[in-house]
Peer 1: 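Encoded as structure tokens, here's the structure I'll be asking about.
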2 protein chains.
Amino acid sequence: MVSQAEENYLKALFHLTSDIPEKTEAGTNELADMLDVTPATANNMLKKLKEKGWVSYEKYGKISLTDKGRVLAVEIIRKHRLWETFLYEKLNFTWDEVHEVAEQLEHIQSVKLVQQLEKFLDFPEIDPHGDPIPNEKGEIRFIKRKTLAEIEESKTCKLVAVKDNSSSFLQYVVKLGLGLSSKIKVLGRREFDGSMEIEVNKVRSSISKKVAQNLLVV
Amino acid sequence: MVSQAEENYLKALFHLTSDIPEKTEAGTNELADMLDVTPATANNMLKKLKEKGWVSYEKYGKISLTDKGRVLAVEIIRKHRLWETFLYEKLNFTWDEVHEVAEQLEHIQSVKLVQQLEKFLDFPEIDPHGDPIPNEKGEIRFIKRKTLAEIEESKTCKLVAVKDNSSSFLQYVVKLGLGLSSKIKVLGRREFDGSMEIEVNKVRSSISKKVAQNLLVV
DNA sequence: TATATTTGTTAGACATGCCTAACTAAATTA
DNA sequence: TAATTTAGTTAGGCATGTCTAACAAATATA
Ligand SMILES: [Mn+2]
Ligand SMILES: [Mn+2]
Ligand SMILES: [Mn+2]
Ligand SMILES: [Mn+2]
């Protein structure tokens, strides 16, 4: 049995240790931060997760998921992204509305439900934010992407995903005229703060470095 | 805020005090029984529900829902039955599989989700077990029904709902050749145990009184 | 009506998951 | 390397929701 709280920790650990290939370990504070709990709380849960064999760590050491833990985490992410896709494709939700509800739906336990949902959606490959949906075996079709902040001046690229799933960020992205598959031309960059001038559908905008780092492009 | 546990108590109380028109009050043991908890646990929760203004009862007295409590309960039942319909209609679940998963899905909090789900299902009136689905205002289209046990000998009736939602019962019902809208002819009844001889699609079966009391007909 | 049975309540305990405050170890900086 | 800062841990407490055991009230039965 995996409780909802435990599932949330496993999912957070997966994001902290697998989303960026170079970063394969996490710390207590970082984890606590992502889950909006205190480090004491995270530490306490880590002991339980270790006890259950889902996490490996030693006192004052770095945290990582075991193979078992990773399997569980991927299952939850799979459900999360399938539900987001369902809400977006079938129930008229916008991409800034899906995440919050999927945070609840991802905890529903039923193998058949997930299988049938995937079939009903015709085996989608990416969710409304451009993130890959793991298949039933837990395999993730990894897509090589850069952040917009890494794109050189005068080059044009295509938005394929967003890192930040918060509704405020997504609404701002829409305001910039952007959506998945949008073409973005990098006009220029101010070196002292990393902010960028971009052009989308002939409309120019200035965006901060932080924003550029949350837009994933190819 | 209504917790999942609280929602389950409200729903159980609704079934105990509104499903049968003559029975408008419930007792602690009865409630505990329905929720598979001890009477002590139910008693403890009742105090909290009373405190929140959802339940009215006095020590050693009978329990009933307040108007506020009833509104909450109907919302949960509405969600439960919409999800059951979704699973049945869209995701290839059988009627004996839907209840268990709906027990989880009914607790998802999102007004938009329920509205859109209902629209997606084209405003269904009954769930896979023949039970009416409350509308957004909380109105329930009440259907007058009898149990098969009340039908006289040699009369024919139509199955419109099942009282017991357990998968074992529903599978047995299917084995009898029955489904919603099936025609049932009452051939005879043994007085000493209330068991009945019935005919469905030219197949005769003998069923216990208990079973007959869980089949709702018109 | 006295007794037995059923129904409901209270007290005390426990697991889960969270907190704050105090502390310790590790890493950084002077 | 010593001092400071950051990261991580421990102790103790609390809310929720559950339990068992003991008890009290209400109801049914003799
Ligand atoms: Mn999301
Ligand atoms: Mn997503
Ligand atoms: Mn049901
Ligand atoms: Mn039903």
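Order of the sequence lines fixes the chain letters, A, B, ..., with proteins taken first and strands second; residue numbering starts at 1 for each chain.
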Peer 1: Do A:Phe86 and B:Phe86 have their ring centres less than 6.0 Å from each other?
Peer 2: yes
Peer 1: Under the side chain to side chain contact (heavy atoms under 4.5 Å, CB included) test against B:Tyr172, which residue among B:Val211, B:Asp164, B:Leu178 passes?
Peer 2: B:Val211
Peer 1: Do the charged groups of B:Arg145 and B:Asp131 touch, with an N to O distance under 4.0 Å?
Peer 2: yes
Peer 1: Report the distance from atom CG of A:Asn8 to atom C1' of C:dG17, rounded to the nearest whole Å.
Peer 2: 12 Å
Peer 1: To the nearest angstrom, how far is B:Ile63 atom CD1 from D:dA26 atom P?
Peer 2: 15 Å
Peer 1: Atom NZ of residue position A:Lys23 - does it have more than 12 heavy atoms of other residues, nucleotides or ligands inside 6.0 Å?
Peer 2: yes
Peer 1: Can you tell whether the side chains of A:Glu106 and A:Arg81 come within less than 4.0 Å, N to carboxylate O?
Peer 2: no
Peer 1: How does protein reach along nucleotides 4-20 of chain D, written 5' to 3' as B (base within reach of a heavy atom under 4.0 Å), S (only sugar-phosphate), or - (no contact)?
Peer 2: ---SBBB-----SBBBB
